[in-house]
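Before any comments, here is the structure.
Residues take their numbers from the sequence shown, with the count starting at 1.
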Amino acid sequence: MESLNFLIKNIFIGLENLNTGFDSESIYYFSKSDFEIVLNRAEKFNIEILGIEPWKNGFFYDVMTREDFKTDSNWHRKAFLKFKETGENLQYSASYQIPSKFLN
């Protein structure tokens with residue numbers, strides 16, 4: 001819960017959570033434009049993105065993780081670009097590794 005509170009206050013602030021109950025309420029989903037902001041903010045805090053999971057119309061669409069891109073530290077940007085290039089109207093979520101210095 002500590003990690004989620006940090007994300008809500010520092011990363012998700014001012015963005016619209018598109019999760020209408022199709023997934024756990026602790027998982028936030030964002031539009032393409034808002035997810036771009038999430039990635040920018042996460043990078044500023046040195047938060048590692050562990051996986052990106054878009055959904056379409058309330059249903060699981062796909063998932064990409066760092067392992068899909070070997071050792072590329074910028075993998076999350078490449079994965080996001082691949083999802084955007086599909087042309088689908090996706091809602092994006094991610095899993096995050098927050099540095100311990102931000103958690104009490």
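Under the 4.5 Å side-chain criterion, counting only non-hydrogen atoms from C-beta, Leu15 is in contact with Ile37.
Around atom CG of Asn40, more than 12 heavy atoms belonging to other residues, nucleotides or ligands sit under 6.0 Å away. No more than 12 heavy atoms of other residues, nucleotides or ligands shown are found within 6.0 angstrom of CD on Glu25. The number of heavy atoms from other shown groups lying within 6.0 Å of CG (Leu81) is above 12.
Not one N or O on the side chain of Ser93 forms a donor-acceptor pair closer than 3.5 Å with the backbone of Tyr29. A donor-acceptor pair under 3.5 Å is absent between the side-chain atoms of Asn10 and the main chain of Leu7, judged by distance alone.
Between the CD atom in Gln91 and the CG atom in Asp34 there is a gap of 11.0 Å [rounded to 0.5 Å]. The CG atom of Asn57 sits 9.0 Å away from the CG atom of Leu90 when rounded to the nearest 0.5 Å. Between the NZ atom of Lys70 and the OG atom of Ser73 there is a distance of 15.5 Å, given to the nearest 0.5 Å. Considering CD1 of Ile11 and CD1 of Ile47, their distance stands at 4.0 Å, rounded to 0.5 Å. For the atom pair Leu103 CG and Glu2 CD, the distance stands at 5.0 Å (nearest 0.5 Å).
Following chains of ILVMFWY side-chain contacts shorter than 4.5 Å, one cannot reach Tyr92 starting from Val63, and the two form parts of different hydrophobic clusters. Under the 4.5 Å side-chain heavy-atom criterion for grouping Ile, Leu, Val, Met, Phe, Trp and Tyr, Phe12 is connected to Phe102 within one hydrophobic cluster.
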| request: Decide yes or no on side-chain contact (heavy atoms from CB on, under 4.5 Å) for Leu18 and Ser31, but give the supporting numbers first. | output: CA-CA 7 Å; Leu18 301 176; Ser31 67; 4.1 Å; yes
| request: Run the numbers on Trp75 and Asp68 for side-chain contact (heavy atoms from CB on, under 4.5 Å), then give the verdict. | output: CA-CA 8 Å; Trp75 77 268; Asp68 295 318; over 6 Å; no
| request: Could you walk me through whether Ile49 and Leu39 pass side-chain contact (heavy atoms from CB on, under 4.5 Å), step by step? | output: CA-CA 8 Å; Ile49 306 296; Leu39 292 180; 4.1 Å; yes
| said: Go through it in stages, so that I can follow the logic: the residues are Tyr28 and Asn19, the test is side chain to side chain donor-acceptor pair (under 3.5 Å), and I'd like the CA-CA distance, side-chain angles, deciding distance and then a yes or no. | reply: CA-CA 6 Å; Tyr28 282 56; Asn19 184 352; over 6 Å; no
| request: Take Val38 and Tyr96 through the side-chain contact (heavy atoms from CB on, under 4.5 Å) test and state the conclusion after the steps. | output: CA-CA 11 Å; Val38 168; Tyr96 309 89; 3.5 Å; yes
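Here Phe80 and Phe35 bring their ring centres to under 6.0 angstrom of each other. A centroid separation of less than 6.0 Å is found between the aromatic rings of Phe45 and Phe6.
Here the closest heavy-atom approach between residue Phe60 and residue Glu53 is recorded as CE1-CG, 3.7 Å.
Thr86 and Glu88 are not linked by any side-chain donor-acceptor pair at a separation below 3.5 angstrom, with hydrogens and angles left out of the test. His76 and Glu48 form no side-chain donor-acceptor contact under 3.5 Å, judged by distance and modelled atom types alone.
Results of the side chain to side chain contact (heavy atoms under 4.5 Å, CB included) test with Phe83 over Lys78, Lys32, Met64 single out Met64 as the only residue that passes.
Note on Arg41 versus Glu36: no salt bridge recorded, every NZ/NE/NH1/NH2 to OD/OE distance being 4.0 Å or above.
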